[in-house]
Amino acid sequence: MIVCARQHRYLRNGRPPGLFTHDSCLGFTENGASNKKTSTGHKQANNGAEQQWCGVEEDTAAVSAPWLQDCLVSLSPCSDLMVVAKGSKAVFLSAKWRSDDGGREGMALAVSWSGTLSTDEGESVSNVICIPLASQKRSSTGRPDWTCIVVGFSSGYVRFYTESGVLLLAQLLNEDPVLRLKCRTYEIPRHPGVTEQHEELSILYPAALVTIDGFSLFQSLRACRNQVARAAAAGSEVVQPPPLAYKKWGLQDMDAIVDHSSVGIMTLCVFDQMRNASILGGFHASVKGSLPAMSQYITVGGGPYTGFYYAIEGSSQPLLSHVALAVASKLTSALFTAASGWLGWKKQNEEEPTQKQKPKVEPATPLAVRFGLPDSRRHGESICLSPCNTLAGVTDDFGRVMLLDVGRGIAIRMWKGYRDAQLGWVQVSEGRGESSPSAPLPRRHAQFLVIYAPRRGILEVWGTQQGPRVGAFTVGKHCRLLYAGYRLMGVNSVTSQGWQLHTQQVCLFDPATGALRTVTVPFHLALSDKKSERAKDLHLLKRLTTLLKNYLESEAQRVLLDIKHPAIKKQALESLLANKNAPVSCLTNITRLLLASLRGKDREAVDEALLQLCSSQLKLLQLYTDIQQLHSTVEASTDAHTKPVSAEPLRVEEELARVSLILQRYTELTSGSRPSVSFAQDSPDASLSVRGFLSQMECEGEEIRVVPGPDADWTQLGSFLFWGCLTGESPLQKVCDTLQETGISPQHLLSLLLSVWLHREKEVLKKPKAVRHLHTLLTALSSMKGAVESSWDMQCVSPWWQQVRSACVQSHSAAAALLAAIVAHRAAKVNITSLAETKFQSEWEAVSLELEQWAVCVRQLEDVLALQTLLCVAPLKGTPGGATPHCSVKALLEGGRGCIADSVAKWVFRQDLAPEGLKDMLQRRGEAQRTEQPSQPVLREKSQEDADFNKALLVSVCQRFPDSLSPDLLFAHCCWEYVVQWNKYPESLVLTSNSLSPAGISSMMWNTFIVKRFSAAAFLMEKVGKAPKERLCRRDVGMGDGAMTSFLGSCVELLQILMEADSGIEEVTPPELCVEEVWGGAEGPASIVELALEQRGIHYPLVQHHCLLATLLHTAMTFNLRVKPLSLFDSKGKSAFFRELVSIQLMPSGDMDPGLVSLRQEFLLRVLTGWVKTQSEAGMAPASTRLDLESGDEMWPSLCLDLGTLLQVNPDILRRHLVCELYNQGLDPRAEQVMLEVEDKDVLGSQLLVLTGQRLSYSLLHTQTQTKPAMELLARLPPTLCTWLKAMDPSELGCPSVPLSQTSRLVSRLIEILPENHGQYSLALHLLEAVEVLQGED
């Protein structure tokens, strides 16, 4: 086999078998220039649009044999799969990305599968096509999901394969050989009246035509492929699918048929229907009222030469006898065997009958030819239908190519001298902008017929219907023209919305080079006269865009000069200048050449706008070239060495020494910032491209103007102009002279200079000499014409220097702004002095408003630098608070009077400074103010550790802002900042209240942040009736149970601060809100302190009422008690909760309901019980833990007594319960202290008598080892006492094993507090006697 032989030869040459390359960019122009062979066997069209990919380098004589002519070749419309077949074997080639020997990457077709397709003996491949199937995914954009290979055999079988050679489906439709396989896919109708065509696969036999509906075929192929994939994954056998439904027509009245085309469904007009009925039925023929829909088929062959068939829809039903036969056989076999499957799906592992039975072939429905083109001597060879189904090209054995009108059934054109021709169609849509503004929608389409004449080795493109030849190309004589005539199967009017179908129409495959070329025809070749000229210009514009990707100067010049229309030529020039890959020299040459060609024409025939554009852009290109040459010149900084150094830069450096240390600290903090990711082209160090330069500059006449744009673009342009001067690498004076000659406004140059200086602060601080160069540049720019007006009054503000001040006060680069201000201040002072000497000729120093403005600006920038240095100090790890804020003079002035204190408060929070530590630092600041200058602490503390230096830095900033950062204002802002951050992170931070919180701030904190969570906590506990668990707390309050306990304790403290502040409000004077003199112009929103001073006074009983609730909530959470806190209050108390603290509410008054008092008493008793248990546990804990517990819990008994007073609970009941609980837990010393405060001794004595009996009962009766003296004592005790002791339950004791000495002391206390006439006094005496006896035995 030839294919196999070529595979072996490829392997000998070291190439992979079947490697073909394909070329997707070949365009044909109307001049029809022929190609020329290169030494490597590649061909290149001299229009420059062909791009060759890696091909197989072989000897031309070795591949001259026409091996491809004996093979069947089919290419997928998507150009991603090619099939080459001969006999019973085939090779599948798939597109893969690879690089050639030269390192160029491209898409190549490589062998993905090869093997034998035939299954029956003597069977061979007779035709093959590749059908791409559309993806059903929503994310698909027109790419195929997979490609199905349909193969027709000489036995009549049609088989369907995957790209990997897996058989999906096979069916015998006729017993004759398959002649042609053709497919029709969905096309979007271009006009509303066009009938929408359905998808279809047509199979031609010598005397029959079989059609399969595309939708059912698409679904069956997808199901088969999925079933094969599942079987392969599971390792099971593949089940054979059921046969396809199809229509079969027996084509009559033709001697021989070799090719066909399925035009699709058509509907005749009424006149054609009446004409046909009259011809067929005569004068008395009847005409149906409804117009029938018919499927049209065209065949070529002999007798007649061309036949037209019309099959009326519905006249033949799809043949389903295969399906019925399979069902019948399956039902019969089910009676005898347990075979699986249904509807013909038979497993391959079942035993086949001894003799394979051929499937039954259904007879065809006869279909007579309607009419034809009779020519007894002419025999048709092939037919090629146009994409719009209106025209068809037919080849014959006389070497003619005939163009048919499909609708009318007539031949309209004939070409001679094309023996063995191969045909294809190219349909081109009118591009955007090619149609005239008045042209109606939709866009026009043009069709071109492509004819390949292999005997002449020429490829021609003809316009239809009567159009001229628009292109001719010399190609090889053994090529193959591949035209599919269809696109993706499975597309409909819904799924095709928004898709861009990536398919090729006509491709030429050259086996000599292995190249696959695509035919592309521009739309304008279908036009003529003036419209064609304009369309040609648009095509040249597109061609220029393609050329600019690789940038070929000579080609770009030729294309630009070939464009005729001035508007399109202007657009082309703008596109050329906007190209990022074009070097400036090429752009200059092309623009100069275009300008010379325009000036050489008649003045009236030249477009004035185009001429002005050329001259202005040429001027800008010259400026770009001059600046670039100055920066790359070897004479870099010669001006600084040749001219004597003036005294002004030295004076500037003297002023900089005053702030050198703070600048050094600021540089250390900013240079150590964390690394960030940025693109190289966005870096200020990146060289400015010509495109970027031209986009920011405009030329109007003789003046060049800078176009306002983003700060990044201005910085890049300023770096291009001035950065070399600032670093001393470029001749400064020459650059300034060049810019002055161009006529650029000095104000624009000043803005660019300040932009690059302020935005490249880090680089500026690393170059000490940059300040001197900045002074020289400012002086040079100030001396330009139009910078500083000579008529300027010194008592007014100069616009020139005001521009510098505005840029400095708006910049967030504090150090660079201060340096620029100091330099500009010195330059302005020299300028004012020289003007004063020329006007007044006096030796007195000039005093002007301008210098006063500069003094204020420099002082403000010094303050901002100190503040920014403080803010740049890195926060502690794990501290929330966001990124480092950046401040400027403008931001501080517009932020209001509290902006500075707010910034410092954020820094205090990020450093996690305690309030006591902050208070100590401010006291150091007061001492420093009495002894030292404001800036001295920062300068002296530089050598200390970072923590001490940061504190000293804060003290220095406070000294610079004595009024804005007064202790009261700073503490107020710190309180507010802490509660703001706590609201963001309620679990990572702890809300702490302290006595430094003013009343107004506390009220604002409560109303803004706290009351919402506080009410949520109260309602949650009321709902669950106990202290809630972690999950409920997070859901309703937004924090865990531990954080919620701490939060409620802080609420109690905050409300107590409000009450204390309200009780002493007449004694405290409100703080004075002042600002420093240089910051007196601050305007903006009111500060926190101003808002706090505007707060109304609170209603003390309402705050006390909320404080009571907060205490109850905190107590319940601390001791994990069951309580419904809101149920402890009456209706008045409940309605007063969560109201504005300044409002007057109706509070509870008078005696409470006894039931409510009982609930309150029960709750407080449980609180005391819980506290005593914690004290008992603390006594058993280690010593270190015990101290902490005791120090934090001593306040609970007194707190319960205070709560009892507020809740109308008898405090004596609480004291008696506390005494009993303390004795119960064995804490006798504490109980004796509390016993002194009990009023009702009788009741307490009775309670303690029971507790003493429980202790004695435990010692005598319930110990595990009863001693003999204890048994003897029980025998001596009075029967009444013995019975009483046995009735006691020692299990109620929290600590039953108490020393006898404590029990003896307790009995003694009982006898003291019980009167002698008490009913249980004698029992107490017996107990004392028993205890003494036991104590004596021990």
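For reference, positions follow the sequence shown, starting with 1. Source: prediction; values computed, not measured. Side chains included, hydrogens not; waters and symmetry mates left out as well; all remaining heavy atoms used.
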Any side-chain heavy-atom pair of L892 and C899 under 4.5 Å: yes
Flag, side chain of E850 to backbone of S798, donor-acceptor distance under 3.5 Å: yes
Side-chain donor or acceptor of Q868 paired with backbone N/O of P885 under 3.5 Å: yes
Nearest-0.5 Å distance, CD of residue E761 to OG1 of residue T670: 6.0 Å
K767 and L726, any side-chain heavy atoms less than 4.5 Å apart: no
Over all atoms of both residues, closest heavy-atom pair of L871 and S903: CD2-O, 3.6 Å
Chi angles and distances behind the side-chain contact (heavy atoms from CB on, under 4.5 Å) call for R444, F523: CA-CA 9 Å; R444 296 175 295 178; F523 177 80; 4.0 Å; yes
Whether H631 and F720 hold their rings parallel, tilted or perpendicular, with breakpoints at 30° and 60°: perpendicular
Euclidean distance, I590 CD1 relative to L595 CG, rounded to 0.5 Å: 13.5 Å
Which atom of L561 lies closest to which atom of K569, heavy atoms considered: O-NZ, 4.0 Å
Where P566 and L610 come nearest, the two heavy atoms and their spacing: O-CD2, 4.2 Å
Between CD on residue E894 and OG on residue S888, distance to nearest 0.5 Å: 8.0 Å
Heavy-atom closest contact (F722 atom, L749 atom, distance): CE1-O, 3.6 Å
Criterion side-chain contact (heavy atoms from CB on, under 4.5 Å) on L774 and L753, from CA distance to verdict: CA-CA 9 Å; L774 176 65; L753 175 61; 4.1 Å; yes
Residues, nucleotides or ligands: over 12 heavy atoms within 6.0 Å of Q612 CD: no
Minimal non-hydrogen separation, V735 against L721, with atom names: CG1-O, 3.7 Å
Test item: L851 and K829 side chains (from C-beta on) under 4.5 Å apart, heavy atoms: yes
CA sep, side-chain torsions, deciding dist, call: L525, V428, side-chain contact (heavy atoms from CB on, under 4.5 Å): CA-CA 10 Å; L525 296 181; V428 186; over 6 Å; no
Note, H825 side chain near W801 side chain (heavy atom, < 4.5 Å): no
CG on L893 to CD on Q860, rounded to 0.5 Å: 5.5 Å
Flag side-chain contact, heavy atom, 4.5 Å: W1079 against V856: no
Gap between atom CH2 of W714 and atom CG of L752 - 0.5 Å precision: 5.0 Å
Other residues, nucleotides, ligands: >12 heavy atoms within 6.0 Å of R599 CZ: no
Heavy-atom side-chain proximity of I627 to L739 below 4.5 angstrom: yes
Stepwise side-chain contact (heavy atoms from CB on, under 4.5 Å) check, T869 with L865: CA-CA 6 Å; T869 305; L865 178 60; 4.0 Å; yes
Heavy-atom check, side chain of V809 versus side chain of V864, under 4.5 Å: no
Donor-acceptor contact below 3.5 Å, side chain S813 vs main chain L758: yes
Main-chain N/O of L663 paired to T667 side chain as donor or acceptor, under 3.5 Å: yes
Contact check, side chains of C736 and M784, non-hydrogen atoms, under 4.5 Å: yes
Inter- and intrachain pairs under salt bridge (Lys or Arg N to Asp or Glu O under 4.0 Å), touching residues 616-632, at least two apart: K619-E702
Donor-acceptor contact present, side-chain S719 to main-chain T715, <3.5 Å: yes
Any donor-acceptor N/O pair, Q803 side chain to L750 backbone, under 3.5 Å: no
Any donor-acceptor N/O pair, S811 side chain to A807 backbone, under 3.5 Å: no
Interatomic distance, K570 atom NZ to C614 atom SG [nearest 0.5 angstrom]: 10.0 Å
Minimum heavy-atom distance between M697 and I704, given as atom pair plus value: CE-CG2, 3.5 Å
Residues which pass ring-ring contact (aromatic ring centres under 6.0 Å, His included) with Y666, listed by chain and number, not counting sequence neighbours: none
Exam field: side chain W757 to backbone A816, donor-acceptor pair closer than 3.5 Å: yes
